[in-house]
Structures are given as structure tokens and as C-alpha cells.
2 protein chains.
Amino acid sequence: MPWDLKSDRPIYTQLVEQIKLMVFSGTYPPGSKLPSVRDMAQEAAVNPNTMQRALAKLEEDGLIITHRTSGRSITEDASMIELAKTKLARDQIFEFLEKMRLMGFDQKEILTIITTMAKELK
Amino acid sequence: MPWDLKSDRPIYTQLVEQIKLMVFSGTYPPGSKLPSVRDMAQEAAVNPNTMQRALAKLEEDGLIITHRTSGRSITEDASMIELAKTKLARDQIFEFLEKMRLMGFDQKEILTIITTMAKELK
DNA sequence: ATTATTGTATTAAGCGCTTAATACAATAAT
DNA sequence: ATTATTGTATTAAGCGCTTAATACAATAAT
């Protein structure tokens with residue numbers, strides 16, 4: 001919800017990611033209506049063009065539907081959302097494990113560190 | 001070792017990351033000599049200026065030492081490398097857990113998915 | 001009917017990143 | 001002594017991203 005935008009990557013890709021997370025977590029349930037481009041842009045403190053670009057990408061991915069004059073909404077297809085969510089999770093894990101492997105950690109170490117940190121975070 | 005450069009982030013930051021991984025994994029041990037800027041640039045298929053920028057950043061971080069006319073080498077300080085390695089690992093895990101949490105996974109689910117995938121990767 | 005709101009498009013400017021082409025000083029290698 | 005190699009610096013060009021300022025068509029709201 002708090003828009004966390006860094007300068008090390010294009011903003012619009014970060015917007016895509018964060019909106020995805022909101023969809024996956026149920027902040028925007030299937031079929032629900034999104035705020036207007038202008039409102040979302042203001043919320044995230046970015047130019048409307050940039051937000052537009054992010055939303056266009058999400059529509060391209062099939063996660064969002066555009067109604068020319070009445071705004072946008074999340075797809076009704078809940079199973080598709082679930083699928084995208086699972087894929088993102090697996091991609092994240094894979095990327096993470098690969099990086100840890102390149103750093104020289106073996107699997108036992110990785111699991112130990114994760115369980116430790118997960119507990120710390122309560 | 002295989003330079004994996006994507007176009008979604010500045011190249012020089014990706015070079016920094018990948019060189020770091022090589023240092024952490026022991027590809028370049030403490031005190032060892034690095035190839036010249038020009039050679040590394042050619043190896044990674046980037047402009048020498050871009051590689052120079054990445055190496056300058058690594059020097060700024062204290063991981064690399066520059067000898068004006070005889071090239072660069074990895075710091076002798078092995079414990080410092082170990083520290084940076086641990087920090088990077090923890091940052092990775094934190095970032096990953098945070099993203100999973102935002103997606104709506106709880107800790108039990110996360111651990112299950114990870115152990116499953118870790119086994120799949122053998 | 002009129003007005004407000006929707007997504008969309010365009011143009012111009014500024015910025016950082018990347019490349020290419022050079023050049024230089026210091027010094028290691030010969 | 002001469003040559004090759006080192007990091008370093010500079011300039012110009014092109015590119016994508018972002019912003020700002022506008023404008024338009026379609027239609028929902030009044």
C-alpha cells in the first residue's frame with residue numbers, strides 16, 4: 001500500500017510489481033474496480049503517463065480489464081490470479097536460491113538461515 | 001561466471017552484483033588479481049567505461065583495491081568479505097520474505113514451498 | 001441537455017545510462 | 001631505453017524513462 005519506489009529501476013516496472021502484489025494479496029479482489037489513472041498516479045506520486053504505462057502492462061498480462069470510459073477493474077478470473085501468484089512465488093524462490101548458490105551457500109545452510117530469520121521476524 | 005545482463009536495470013549495477021558473487025564464492029579469492037578493465041569489459045561484452053564504473057563502485061565499498069598501473073586486486077581482508085557476504089544473504093532473505101508476505105503467504109506456506117523447490121533442484 | 005470523468009495521445013524537455021573514439025600519465029615488462 | 005599495459009578522463013551521440021502541459025473522444029453522472 002505504501003508506494004515504495006527506488007531509483008535503481010524504471011518506476012513503471014516497480015508500479016507493475018507493487019500493483020500485482022496488491023492484487024495477489026486481495027487488496028484489489030477479482031472483479032473489483034481500480035481508482036482512475038489520475039488518482040493512482042497522484043497516490044503514488046508519479047506522472048499519470050507513468051502510471052498509465054504500468055496499467056497498460058498489467059492489462060497486457062491479462063490481470064486487468066479496461067473499460068474505455070468507466071475505468072479499469074481486476075479480472076474476474078480468480079484461478080488465473082492464483083496461477084500468476086504461484087508463478088511469481090516460484091520465480092522469486094528460484095532466483096533467490098540461485099543467488100545463494102552462486103554465493104557459495106549449500107542447501108542446508110540456506111534452510112538454516114531462512115528458518116532462523118523467519119522466526120526473528122515472528 | 002557467465003555474464004547475465006538484462007535490460008531492466010542499469011548494466012553497471014548488475015556488473016557490481018555479479019562480481020560480488022564471484023568474490024563471495026571464491027572465484028576471486030582475497031588478495032587475488034583481477035583482469036584489466038579492458039579485459040573484463042570485453043569478457044562481459046560491455047563498454048570499458050561501464051566496467052570501470054562498476055569496479056569503481058566495488059572499490060568504494062572496500063571490496064577491491066586499485067594499484068594505479070598494475071591493475072586491481074581483491075582485498076586481503078577475508079573477514080570483511082565474509083561479513084559482506086553474510087549481509088547480502090540476510091538482505092536477500094529479508095527482501096524475499098517481505099515480498100512473499102505482501103503476496104499473502106504465511107510463514108508455514110513459505111517454508112513448505114522452499115523446501116519443496118530446494119529438493120526439486122537436487 | 002449539460003457537465004464531469006474516463007482512458008488515451010502528443011509534444012517537448014531533461015536526465016541518467018551506455019557506447020564509441022580518443023588521449024594521457026604512470027609504470028611494469030622487455 | 002623502449003614498449004606495452006595499467007587506470008583514468010573527456011567529448012559527443014543515441015537511447016529509454018519521466019515529467020509537464022495539453023488536448024480529445026466517449027460516456028457516466030447530474
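Just so you know, these numbers come straight off a predicted model, no measurement behind them.
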### Query
Taking atom types as modelled, is there a side-chain donor on B:Trp3 or B:Glu43 under 3.5 Å from an acceptor on the other?
yes

## Note on the structure
Here the distance between atom P of C:dT6 and atom CG of A:Leu55, to the nearest Å, is 13 Å

### Query
How would DNA chain D look in dot-bracket form, 5' to 3', counting Watson-Crick and G-U wobble pairs with both distances under 3.5 Å and writing | for bases paired to another strand?
||||||||||||||||||||||||||||||

### Query
Rounded to the Å, how far apart are B:Asn47 CG and D:dT8 P?
15 Å

### Message
Distance check needed: D:dT6 P versus B:Ile65 CD1, whole Å only.
### Response
19 Å

### Task
Take the protein atom NE2 of A:His67 and the nucleotide atom P of C:dT8, then report the distance between them rounded to whole Å.
12 Å

Under 3.5 Å, which N/O atoms of the protein pair with N/O atoms of nucleotides 12-17 of chain C?
unit_1: C:dC17; atom_1: OP2; unit_2: B:Arg53; atom_2: NH1; d: 3.2
unit_1: C:dC17; atom_1: OP2; unit_2: B:Arg53; atom_2: NH2; d: 2.7

### Task
Measure from CE on B:Met51 to P on C:dA20 and round the result to the nearest Å.
14 Å

#### Entry: Proximal nucleotide (of C:dT19, D:dA20, C:dT8) relative to the B:Asn49 side chain
C:dT19

### Task
Compare the minimum distances between each of D:dT8, C:dT19, C:dG7 and the side chain of B:Val46, then state the nucleotide with the smallest one.
C:dT19

### Atom-pair distance (CD1 on A:Ile64; C1' on C:dT6), nearest Å
15 Å

### Straight-line distance of B:Leu88 CG to B:Leu21 CG, nearest 0.5 Å
6.5 Å

### Task
Determine, for nucleotides 24-30 of chain D in 5'-to-3' order, which nucleotides have protein heavy atoms under 4.0 Å from the base (write B), from only the sugar-phosphate (write S), or from neither (write -).
--BSS--

### Query
Can you check the B:Lys33 NZ to D:dT5 P distance for me, whole Å?
12 Å

### Message
Working to the nearest 0.5 angstrom, can you tell me the gap between A:Ile65 CD1 and A:Lys33 NZ?
### Response
13.5 Å

For residues 45-55 of chain A, which side-chain donor-acceptor pairs fall under 3.5 Å, sequence neighbours excluded?
unit_1: A:Asn47; atom_1: OD1; unit_2: A:Asn49; atom_2: N; d: 2.9
unit_1: A:Asn47; atom_1: OD1; unit_2: A:Asn49; atom_2: ND2; d: 3.2
unit_1: A:Gln52; atom_1: OE1; unit_2: A:Arg72; atom_2: NH2; d: 2.9

### Message
Checking A:Phe105 now: which residues fulfil ring pair (Phe, Tyr, Trp, His ring centres under 6.0 Å) with it, not counting sequence neighbours?
### Response
none

### Message
For the CG atom of A:Asp61 and the CE atom of A:Met80, what is their distance to the nearest 0.5 Å?
### Response
8.0 Å

#### Entry: Distance in Å, A:Ile81 CD1 paired with A:Lys20 NZ, rounded so as to fall on 0.5 Å steps
12.0 Å

### Task
Test side chain to side chain contact (heavy atoms under 4.5 Å, CB included) on A:Leu34 and A:Ile64 and set out the steps.
CA-CA 9 Å; A:Leu34 279 176; A:Ile64 278 179; 3.3 Å; yes

### Partners passing side chain to side chain donor-acceptor pair (under 3.5 Å) against B:Lys87 (at least two apart in sequence or in another chain)
B:Asp91

### Query
Relative to the 5' end of DNA chain D, which residue comes earlier, B:Asp39 or A:Pro48, by the nucleotide with the nearest heavy atom?
B:Asp39

### Message
Using whole Å, what does the distance between atom P of nucleotide C:dT6 and atom CD of A:Glu59 come to?
### Response
17 Å

### Task
Indicate yes or no: at least one non-hydrogen side-chain atom of A:Glu17 is less than 4.5 angstrom from one of A:Arg9.
yes

### Query
So B:Ile93 and A:Phe96, side chain to side chain contact (heavy atoms under 4.5 Å, CB included) or not? Walk me through it.
CA-CA 8 Å; B:Ile93 296 170; A:Phe96 163 72; 3.4 Å; yes

